[in-house]
Amino acid sequence: MKRKAEDSHGAKPVPFWAMGLLKTMKDPKYILNSDNQITIIKDMYPKARHHFLVLPNTDIGSLKTLTKDHVPLLQHMIKFGQNYVEEHHQSVAFKFGYHAEASMFRLHLHIISEDMDSLALKTKKHWNSFTTEFFLNPQQIITDLRENGQVQLPTKEKCKEYMDMPLKCHKCELKPKNMPELKRHLLTHLV
DNA sequence: GTTCTAGAAC
DNA sequence: GTTCTAGAAC
């Protein structure tokens, strides 16, 4: 019998790259602002002209480990992000949200400008992670915690369904046949 | 998460 | 023949 990529307890090993955010949030080159609770950084591979991440300074792995006690922190993360973009990018429209399944360790709130104009935006998965229900409303996360004490996450199957959805423009009804067509089309929505 | 690339799609 | 995507990465 061949051994799978699991340790003796059956837990999946965390790949080294999944720890990347912990390093990035300590790198002055990427840090935009911080306080004693949270840090806001530039995403290393921005999927739009402006793409930031707000992370708690304490060791919160993901949405799965959140409890009611985290509600004030989560509210602070949103407010901190709002203040940052209002001060530095006043005329730019942003979306705030969490990925239902994050690849990178350490909870992170995405703040991404609505242009989606970026060389690093390459795949259907990239696109659907910001434009389908895979992208979770941060206020809904807080509501879940208040009402249920935990976050209501879509199942693994639902997440795969969102990732596999056909491409659709987030600003109009166009359904491009592939990524290059989508990216060309996005330019027509730029101001 | 990204990079790389085989083979599918065109 | 070229473009494009999906899956492996020891």
Side-chain angles (χ1 to χ4, degrees), chain A residues 1-32 38-66 77 81 94-113 115-136 138 141 151 153-154 156-170 174-188:
Chain A
M1 183 73 94
K2 230 174 196 177
R3 185 179 294 275
K4 289 187 176 177
E6 295 174 352
D7 66 22
S8 56
H9 299 87
K12 286 177 185 172
V14 179
F16 76 96
W17 51 259
M19 293 295 151
L21 287 179
L22 304 183
K23 191 176 173 187
T24 309
M25 68 186 291
K26 289 176 188 164
D27 186 341
K29 191 181 163 194
Y30 289 95
I31 296 172
L32 297 169
I38 61 182
T39 301
I40 180 167
I41 62 173
K42 289 186 280 191
D43 191 295
M44 195 176 282
Y45 297 92
K47 305 306 187 296
R49 289 179 176 182
H50 309 283
H51 185 181
F52 314 125
L53 304 175
V54 184
L55 311 97
N57 295 336
T58 54
D59 183 21
I60 300 173
S62 73
L63 293 171
K64 290 177 187 173
T65 54
L66 291 176
M77 287 167 65
F94 284 90
K95 297 196 291 189
F96 287 54
Y98 294 99
H99 283 159
E101 281 178 340
S103 299
M104 306 291 277
F105 194 73
R106 182 61 61 91
L107 181 71
H108 51 285
L109 172 64
H110 288 271
I111 301 178
I112 186 165
S113 59
D115 51 87
M116 303 300 281
D117 173 33
S118 162
L119 290 174
L121 176 71
K122 296 175 178 176
T123 68
K124 174 188 265 196
K125 186 172 178 177
H126 289 154
W127 183 254
N128 283 341
S129 75
F130 291 102
T131 61
T132 69
E133 290 176 64
F134 188 88
F135 197 59
L136 303 175
I141 298 299
V151 181
L153 292 171
K156 197 186 293 182
E157 291 71 27
K158 262 290 177 196
C159 288
K160 179 165 169 42
E161 208 174 289
Y162 295 142
M163 289 297 106
D164 291 340
M165 287 182 77
L167 296 173
K168 184 190 169 302
C169 177
H170 64 321
L174 184 90
K175 290 175 179 167
K177 66 176 185 298
N178 55 35
M179 284 301 294
E181 185 183 334
L182 171 62
K183 289 176 70 67
R184 282 193 298 275
H185 170 74
L186 291 175
L187 302 178
T188 68

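Within every chain, numbering begins at 1; the chains are lettered A, B, ... in the order of the sequence lines, protein sequences first and strands thereafter. What you see is a predicted model; the values in this text were computed from it and never measured.
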Watson-Crick or G-U counterpart of C:dC10, or none if no pair lies under 3.5 Å: none
Interatomic spacing from OG1 in A:T131 to NE2 in A:H126 - rounded to 0.5 Å: 12.5 Å
Separation of B:dG1 C1' from A:M25 CE (nearest whole Å): 17 Å
Geometric cation-pi criterion, A:K95 with A:F135: 6.0 Å, 45°: yes
Working for side-chain contact (heavy atoms from CB on, under 4.5 Å), residues A:F52 and A:I41: CA-CA 6 Å; A:F52 314 125; A:I41 62 173; over 6 Å; no
Which atom pairs link the protein and nucleotides 2-10 of chain B when you take only N or O atoms and keep those under 3.5 Å?
residue	atom	partner	partner atom	Å
B:dT2	OP1	A:K47	NZ	2.8
B:dT2	OP2	A:H126	NE2	2.9

Touch class at under 4.0 angstrom, heavy-atom based, for A:P15 against every strand present: nothing
Spacing between A:I112 atom CD1 and B:dG1 atom P, to the nearest angstrom: 12 Å
Centroid-centroid under 6.0 Å between A:H51 and A:F130 rings: yes
A:K47 side chain near A:W127 side chain, heavy-atom distance below 4.5 Å: no
Nearest-0.5 Å distance, CG of residue A:L186 to OG1 of residue A:T188: 7.5 Å
Sugar-phosphate only, base, or nothing, as touched by A:M179 at under 4.0 Å among non-hydrogen atoms: sugar-phosphate
